Every structure is written in C-alpha cells, then in structure tokens.
Protein chains: 2
Amino acid sequence: MKHDLHNDRFLLYKCIMEQTPHILVIDDDREIRDLLSKFLERNQMRVTSARDGREARRVWSQGHYHLVVLDLMLPGESGLDIARWLRSQTNIPIIMLTAMGDDTDRIIGLELGADDYVAKPFNPRELLARIRAVLRRATETQEQGNGEVREIVFAGWTLEIARRRLLNPAGVEVPLTGGEYDLLLALLERANRVLTRDMLLDLLRGRQAGPFDRAIDVAVSRLRRKLEDDGRNAQLIKTVRGGGYVLAADVERR
Amino acid sequence: MKHDLHNDRFLLYKCIMEQTPHILVIDDDREIRDLLSKFLERNQMRVTSARDGREARRVWSQGHYHLVVLDLMLPGESGLDIARWLRSQTNIPIIMLTAMGDDTDRIIGLELGADDYVAKPFNPRELLARIRAVLRRATETQEQGNGEVREIVFAGWTLEIARRRLLNPAGVEVPLTGGEYDLLLALLERANRVLTRDMLLDLLRGRQAGPFDRAIDVAVSRLRRKLEDDGRNAQLIKTVRGGGYVLAADVERR
DNA sequence: GGTCGTTGTGCAGATCGTGTTTCATTCCGT
DNA sequence: ACGGAATGAAACACGATCTGCACAACGACC
C-alpha cells in the first residue's frame with residue numbers, strides 16, 4: 001500500500017512535532033500483546049499493554065493514551081465492562097477485537113461506543129490501517145479551528161501546509177513533487193541550521209547514506225531550480241562545503 | 001488529545017458556548033433508536049428519539065433541535081407527513097432514512113426539503129458523516145447571515161444540494177450517479193486539501209481500502225469526465241501522486 | 001427472467017518521480 | 001598553480017503510480 005506514503009510522512013512529522021500516538025492494548029493473550037507492541041512500535045506508535053481490567057485501570061491512571069485496542073473476550077471481567085468503564089471516564093477512541101466477524105458483535109460494539117472493530121484472527125496491517133483511520137477521524141474533527149501552522153512564509157515565498165504546495169512571491173503556484181515538498185519542509189523547519197546529507201536522508205527517506213550517495217544533492221539541485229535559486233550563487237539554500245545545506249532566510253509560521 | 005483534562009474542558013466549553021448539536025431521531029425500530037443514540041452521543045451529540053409522529057410532535061415542542069433524522073417508513077402516519085409538518089414549522093435540516101433504492105421516496109423526500117438521505121440498512125459512521133456535513137453547511141452559512149446552503153459554486157459549475165444535481169457553467173444539468181455526487185461533495189467540502197484514497201473511501205463508503213483498491217481512482221476518473229476535466233492535465237480535480245486527490249478551485253457556498 | 005444502470009476489478013500502456021551515472025565546475029590545501 | 005575532493009547539473013534508467021478501457025458483479029426495476 002504505497003499510496004499512503006505521503007500520509008505516512010505526514011503522520012511521522014506530526015509524531016515528531018506533537019507526540020507519537022500512544023496506544024493501550026488490552027488482551028489476555030501474551031502472544032498477541034507482544035506481537036502488537038512490536039508491530040505498532042515499528043510503525044511509529046508507543047504501546048502499553050494490559051492483560052485484564054485491573055491492570056488496564058492501573059496503567060490507565062499512569063499515562064495518557066490516544067486510543068485503546070480492546071479484546072472483547074477476556075477472562076473474568078468482560079471486555080464490555082472495560083469499554084463501559086472507559087466510556088465513563090473519557091471518550092477515547094476504542095477499537096474492539098471480536099471473535100467472529102459477526103454483525104451482531106459489530107452492533108454491540110458500536111452501541112457501546114467502539115469506533116471500529118476488527119475480527120480475530122486479524123491481520124496486523126489491517127489493524128494498523130484501522131487505528132490510523134480512527135486516529136485521523138479523531139484529530140480531524142478536533143483540529144478544525146485549532147491554531148495550527150497553516151503556511152510558512154520565507155523570502156516572499158509561501159509554503160501551504162494543507163495543500164502541500166508552494167507559491168512564488170507573485171502568488172503563482174510552483175508545482176513540487178512529493179520529495180521536493182518534504183525536503184523544503186525539512187529545511188524550513190530547521191531554517192538557518194546546517195543539515196548534513198545524513199540527517200536529510202534519514203529525515204526524508206529514513207535510510208542511511210551509501211558511500212557515493214548523491215540523492216540529496218540532486219534533490220537540492222532540483223528544488224533550487226524551482227525556487228529560482230541558482231546553484232552557484234544560491235541565496236536561499238546555501239551549501240556548506242563538507243557539511244551539508246542550510247536554508248538561509250527568515251521564516252514566518254502562520 | 002481528546003481524553004486529557006485540558007481537552008475535556010475545551011469540549012465542555014464548546015458545549016456550553018455553541019451547544020452540542022441536538023438531534024431528533026424519529027424511527028419506530030427500537031434497536032435503531034438505541035443504536036443511534038449511543039453512537040451519536042459518544043460523538044459529541046445530544047440525542048432525543050421518538051417512535052412516531054405523535055411522540056415526535058410532543059418531544060419537538062419541549063426542546064430545541066438542530067437536525068432531524070427521520071425514517072420514511074413508519075407505521076401509521078407516514079414519514080413524509082412528519083417531514084411536511086416539520087417544514088411547516090421550521091427549516092431545520094432533515095436527513096431521511098429510506099429503504100434501499102426506493103427512488104420515489106428519495107425524490108419526494110428531497111422535494112420536501114430533506115437535506116440528505118441515507119439508505120437502510122446504513123453504516124452508522126456514514127450517517128454520522130452526513131449529519132456532520134449537513135450541520136456544517138447549516139452553521140457555516142448561518143454565520144454568514146442568511147439561511148442554509150442551497151448550492152455550491154466552483155469554477156463556473158454549480159452543485160445543487162437539495163436536488164443532488166450538478167449544473168455546468170452553461171446552466172445545463174449533468175446527471176451524476178449517487179456515488180459521483182457523494183464524491184464531488186466530499187471533495188468540495190474539503191476543497192484545496194489533499195484527500196487520500198483511504199480518507200475518501202472511509203468518508204464515502206465507511207470501509208477501508210484493500211491492497212489493490214481501484215474504486216476511488218475509477219470514481220474520480222468518471223467524475224472528471226463529467227466535469228470535462230481531462231485526466232492528464234486536470235484542472236479541477238488534481239491528483240497528488242502517492243497522496244490522493246485535491247479539488248483545486250475557489251468554492252462559494254450559497 | 002431479462003435488461004439497465006451503477007460500481008468494482010484486471011490489464012495494458014503512459015506518465016512521473018527519484019536514484020545513479022557521468023562529466024563539468026568549484027573549492028581548498030599544498 | 002596543481003590536483004584531489006566536493007558539488008552542480010544533465011542524461012539516463014528503473015520502478016512506482018496513475019489512467020482508461022473493457023468487462024464482471026451486483027442490485028433495481030420491469
């Protein structure tokens with residue numbers, strides 16, 4: 001599912017800026033808890049797990065969570081009870097793990113206020129997708145009027161975050177590829193600080209630089225052309241020989 | 001995020017200042033009433049329900065509502081009668097629940113001034129999305145002074161909400177299928193923001209994308225053709241490679 | 001049961017983005 | 001100056017992604 005690559009990047013960015021989402025997994029099966037921890041953590045989420053209601057409540061009181069993954073079938077206290085208890089505390093999003101893909105379960109789950117449910121046995125990737133969808137819905141509705149950064153202005157240019165596009169000083173759109181946008185954003189966010197190729201590569205692609213890796217150079221070159229910033233006597237993106245690149249300009253966040 | 005104290009206070013504040021939307025659900029099926037109450041309430045809405053016209057009128061006179069969800073098929077007094085009666089009282093937004101594919105009902109309902117309709121059996125999330133959309137339209141224009149949004153104008157085209165139809169710049173109707181209308185509305189409502197396929201699928205069908213899901217692509221393609229917006233150099237619906245689609249145009253709500 | 005309209009899937013081809021290669025140019029220490 | 005290392009930029013190549021078409025599936029309506 002390559003097509004949500006940019007969304008992944010966006011999530012990554014948000015994680016760094018705000019806080020990576022923190023998931024509470026409640027399941028009695030140790031294997032599942034471990035599997036989920038590993039898997040979700042590999043996908044930029046923090047995970048805490050609990051084996052039953054008692055542990056869940058204890059853990060709950062000690063941390064802040066963004067979403068709960070809850071097994072409906074627990075020994076002792078039922079998952080439904082835990083859901084009810086959670087609901088009495090907050091309106092945190094809940095994803096239920098149910099036994100059968102039965103519609104009855106779904107209705108019950110939704111009545112109790114689950115935001116989604118996943119049938120067991122489940123595919124971790126599917127659960128991840130649903131977690132993301134639920135988190136997205138949760139944040140989308142709340143950050144309507146929120147004072148987020150909408151655009152970044154520098155040297156007459158404007159980068160619109162929501163639309164992922166760049167306007168030149170005359171206000172005309174200059175089309176950027178995904179990679180170019182990411183690079184520019186990375187530079188702007190650390191304006192006036194030198195970024196090594198390693199850092200940029202790690203930031204943008206999450207990989208290490210090979211021995212003769214010119215990827216960043218080329219990306220910078222292409223971005224410079226679009227910014228009408230000639231490479232030899234570049235004004236905006238200055239190269240630091242043996243060091244990396246700096247975006248040299250006053251930036252204003254709005 | 002939602003569950004922390006700060007945000008709870010904020011929500012509380014919002015509730016008091018703006019009033020959480022108050023929904024009146026009119027349906028004879030007890031299960032549906034309960035399901036909707038639970039589901040909507042945990043999505044920050046107040047819900048009152050009535051099982052028939054008599055109860056609806058009684059409840060109506062005792063409270064103040066922002067939107068009505070109305071089942072068309074009621075025993076005794078028809079849903080259409082209730083809609084007519086509601087219309088004689090106010091211009092409160094109405095969302096109709098219709099039996100699957102009953103086109104006649106749909107037409108009548110829309111002519112009576114329903115703001116949207118949802119086919120039964122429905123996905124609660126889809127209904128929620130539509131409720132939010134209708135409420136958003138209603139309040140947005142209220143703030144601008146005059147009444148409800150009747151149509152959305154963009155790049156010369158006009159989308160008539162009440163009649164669910166599209167007029168080209170010359171004023172001629174271009175017939176849209178249900179899915180095409182929904183897609184266009186979803187794009188218009190978030191104009192100039194990138195929507196991933198996941199989001200669109202979630203918004204339109206309440207489901208998540210499979211690994212080779214081409215549904216959205218095709219839908220966009222077909223919509224583009226009707227909008228005379230050639231795929232390769234599309235002006236209205238731009239594709240964001242690896243990201244999704246954006247409707248790029250100034251939109252005016254009336 | 002047949003037909004039509006709508007929506008999803010598979011496939012082939014076109015397009016676009018990005019890394020690599022290559023070579024010219026610049027920088028800097030010697 | 002000279003030469004090696006670093007950088008800029010054009011050309012190329014490959015893969016990922018998008019589009020359009022044809023067809024299949026599905027349900028509604030007659």
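Here the structure is a predicted model, which means the values were calculated and not measured. Protein chains get the first letters and strands the later ones, always in sequence-line order, with residue 1 at the start of each. Just the heavy atoms: all of them, side chains too, but no hydrogens, waters or symmetry mates, feed the values below.
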Whole angstrom is fine here: how far is it from [atom1] in [X] over to [atom2] in [N]?
{"X": "B/R164", "N": "C/dT6", "atom1": "CZ", "atom2": "P", "value": "13 Å"}
{"X": "A/F212", "N": "C/dT21", "atom1": "CZ", "atom2": "C1'", "value": "12 Å"}
{"X": "A/L204", "N": "C/dG19", "atom1": "CG", "atom2": "P", "value": "9 Å"}
{"X": "B/L223", "N": "C/dT6", "atom1": "CG", "atom2": "C1'", "value": "14 Å"}
{"X": "B/I237", "N": "D/dG20", "atom1": "CD1", "atom2": "C1'", "value": "16 Å"}
{"X": "A/N233", "N": "C/dT26", "atom1": "CG", "atom2": "C1'", "value": "13 Å"}
{"X": "A/L176", "N": "C/dT18", "atom1": "CG", "atom2": "P", "value": "10 Å"}
{"X": "B/L200", "N": "D/dC18", "atom1": "CG", "atom2": "P", "value": "13 Å"}

Residue pairs, two or more places apart or on separate chains, that pass salt bridge (Lys or Arg N to Asp or Glu O under 4.0 Å) and touch residues 168-186 of chain B: B/R130-B/D182, B/R164-B/D182, B/R165-B/E173, B/E180-B/K226

Nucleic acid footprint by protein, nucleotides 3-12 of chain D - heavy-atom cut-off 4.0 Å, B for base, S for sugar-phosphate alone: --BBBBBS--

Exercise: identify the closest heavy-atom pair between A/I152 and A/R253: CG1-CG, 4.3 Å

CZ/B/R51: more than 12 non-hydrogen atoms of other groups inside 6.0 Å: no

Over 12 non-hydrogen atoms of neighbours within 6.0 angstrom of CD in B/E252: yes

Toward the 5' end of DNA chain C, by each residue's nearest nucleotide, A/D213 or B/K226: B/K226

Identified side chain to side chain contact (heavy atoms under 4.5 Å, CB included) counterpart of A/L40 within the set A/T20, A/L35, A/V47: A/V47

Side-chain N or O of A/T177 closer than 4.0 Å to phosphate OP1/OP2 of C/dC16: no

Charged N-O contact under 4.0 Å between A/D213 and A/R205: no

